[in-house]
Amino acid sequence: MAKEDIFKNLIAHCKEYGFIFQSSEIYDGLGAVYDYGQNGVELKNNIKKYWWDSMILLHENVVGLDSAIFMHPKTWKASGHLDAFNDPLIDNKDSKKRYRADMLIEEYLEKLEGKISKEVNKAAKKFGDSFDEKMFRETNPRVKANQEKIDVLTKRFADAMNNTNLEDLKQIILDYEIACPVSGTRNWTDVRQFNLMFATEMGSTADGATKIYLRPETAQGIFVNYINVQKTGRMKLPFGIAQIGKAFRNEIVARQFIFRMREFEQMEMQYFIKPGTEEEWFDHWKKIRMKWHRALDLGKDNYRFHDHDKLAHYAAAATDIEFRFPFGFREVEGIHSRTNFDLGQHQEFSGKKLQYFDPETNKSFVPYVVETSLGLDRIFLQIISAAYCEEEVKKDDGSVDSRVVFKLPPVLAPVKLAVLPLVKKDGLPEISRKIMDDLKFEFNCRYEEKDSIGRRYRRQDAIGTPFCITVDHQTKEDNTVTIRYRDSMKQERVKIEKLREIMVDKVDMSRFLRKLATGSDAKD
Ligand code: ATP
């Protein structure tokens, strides 16, 4: 099945099984705003816990914060968001559709990359083991021509973005004959800047009201609390402040489900360091964050770093961790070396000292910052798109059946264990309830007695429950149950008292974190 069709099926699946609903659906929905249903919220909370515990429990010098969404309006002047948090927009006059000019160009570059990959794959198949990819890329005329085109365009595009040269952005679109995907025409308006912040008013009277903004990132809440946390926590450099919270951006084009939303959640950590150590810490956090992602085991070839060609004016270095979504490699997390720009700006605009006194040198300075910034909804999408499988299953009688299974990392699964009495009588429900009552304090368990066992298994597969146990008549005799594993569908009989041990090994967060910390299961 084509990747686009699978992605459509995934979206439908998320609705059908209570993971994600369109916001205000009964009123025909609100663009790029989504609600998380009964299973979605569990998965989301588990992802948050994985991130939070890995930051706070595994790093003695990282502490948490929960700052308000509303902030003093001067915050956004100081941070540069009021003046520069813009995206370049362009309209197609025929389709009346609006696009981000930079994205049109990026998609064009991706198409050229796609052409090269096609040639390379074709040749790899043809030449088999003797294929030398490097040599092929350097000598094949079609590949060389496309690579040259990419290099020239990438440089021109980066220059136009860095210099906010809107005329040249438009000219690139015209020169490379980039057409509107809807109308197919090249009848474009000029490129204009569009500020992504949502504004509202605070205060009861029209005269006295102040214009304020919904925060477009959580980071600024951390910066303005730097001195509070540093002083009250007696923190020594280097130290970090981590926060999970909502952010809002009036995105021009919101597409690809929860990939780009107007209301979303971020998990950010700002690491305050001594000037001069930024390179070392940038590399350090790149490694830590990639290891965290890879521990989820969503396919070793699905990750890559992408260094920014266009650096924000304050940034010393920036890289994205990208994941291979069904629609290509895309950013999930940004790691940015931000110098002392943010604290410096807030110090200037507030008139308050935001410095650190170093007892070793007896000097005060504004700390530098390396940040890690992960989109919670984006990693949610990454996990479900890697986990979604439509499989053919051979039945005992030789016929073929199909199943949809969410192969979620067990530690993140919304429901860890389903307890299923074979029949609704003969004392089996009572034994099942007793098992639930023993395990429910540690694991999210679900009890189901309706429908055949096969159908109940399928429902649990569809929400990603890693373990189903069936209580049958033999249970009454020898205290054993059947445990069925989601991915392999294998079944085995185990003693009831063994269940907890089996569960802990696979789904316990602290055990998972221990593996992450010791590196025994996480690949660098
Ligand atoms: P993009 O280039 O995709 O717009 P960005 O570079 O502006 O993203 P950052 O400002 O670095 O993103 O935000 C950090 C993280 O927040 C991103 O890596 C992403 O995971 C998440 N994020 C940003 N914008 C959105 C959005 N509109 N919807 C969902 N997640 C988002």
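Atoms within each ligand, like the ligands themselves, are counted from 1 in listed order.
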The closest protein heavy-atom partner of atom 28 (N) of ligand 1 is Met261 N, 2.9 Å

Would you mind checking which non-hydrogen protein atom is closest to atom 17 (C) of ligand 1, with the distance to 0.1 Å? Glu331 OE2, 3.3 Å

I need the nearest protein heavy-atom contact for atom 30 (N) of ligand 1: residue, atom name and distance, please. Phe264 CD1, 3.5 Å

Short version for Arg260: what comes under 4.0 Å of ligand 1, heavy atoms counted, is both

Side chains of Ser67 and Gln243, donor plus acceptor under 3.5 Å: yes

If you measure from each non-hydrogen atom of Glu333 to ligand 1, which part falls under 4.0 Å: side chain, backbone, both or neither? backbone

Verify the ring-centre separation between His81 and Tyr213: is it less than 6.0 angstrom? no

Around atom 7 (O) of ligand 1, find the nearest protein heavy atom and jot down its residue, atom name and distance. Arg249 NH1, 3.2 Å

How about Phe380 and Tyr36: are their ring centres within less than 6.0 Å of each other? yes

Ligand 1 contact on Ile379 by region, counting heavy-atom pairs under 4.0 Å: neither

Polar contacts were defined as any N/O atom of the residue lying under 3.5 Å from an N/O atom of the ligand; does this apply to Arg378 and ligand 1? yes

Qualifying residue, where the test is ring-ring contact (aromatic ring centres under 6.0 Å, His included) with Tyr271 and the options are Trp281, Tyr368, Phe282, Tyr226: Trp281

Considering only the protein, which heavy-atom contact is closest to atom 29 (C) of ligand 1, and what is its distance? Phe259 O, 3.3 Å

Exam field: side chain Gln347 to backbone Leu354, donor-acceptor pair closer than 3.5 Å: yes

When you measure from atom 13 (O) of ligand 1 to every protein heavy atom, which one gives the shortest distance, and what is it? Gln266 NE2, 3.4 Å

Hey, are the side chains of Asn92 and Val182 touching, using non-hydrogen atoms and a 4.5 Å cut-off? no

Would Leu374 count as a polar contact of ligand 1, with the cut-off being nitrogen or oxygen pairs under 3.5 Å? no

What closest approach, in Å, do Asn195 and Met197 show between heavy atoms, and which atom pair accounts for it? OD1-N, 2.9 Å

Using the ring-ring contact (aromatic ring centres under 6.0 Å, His included) rule, pick out the option among Trp285, Phe239, Trp292 that qualifies with His59. Trp285

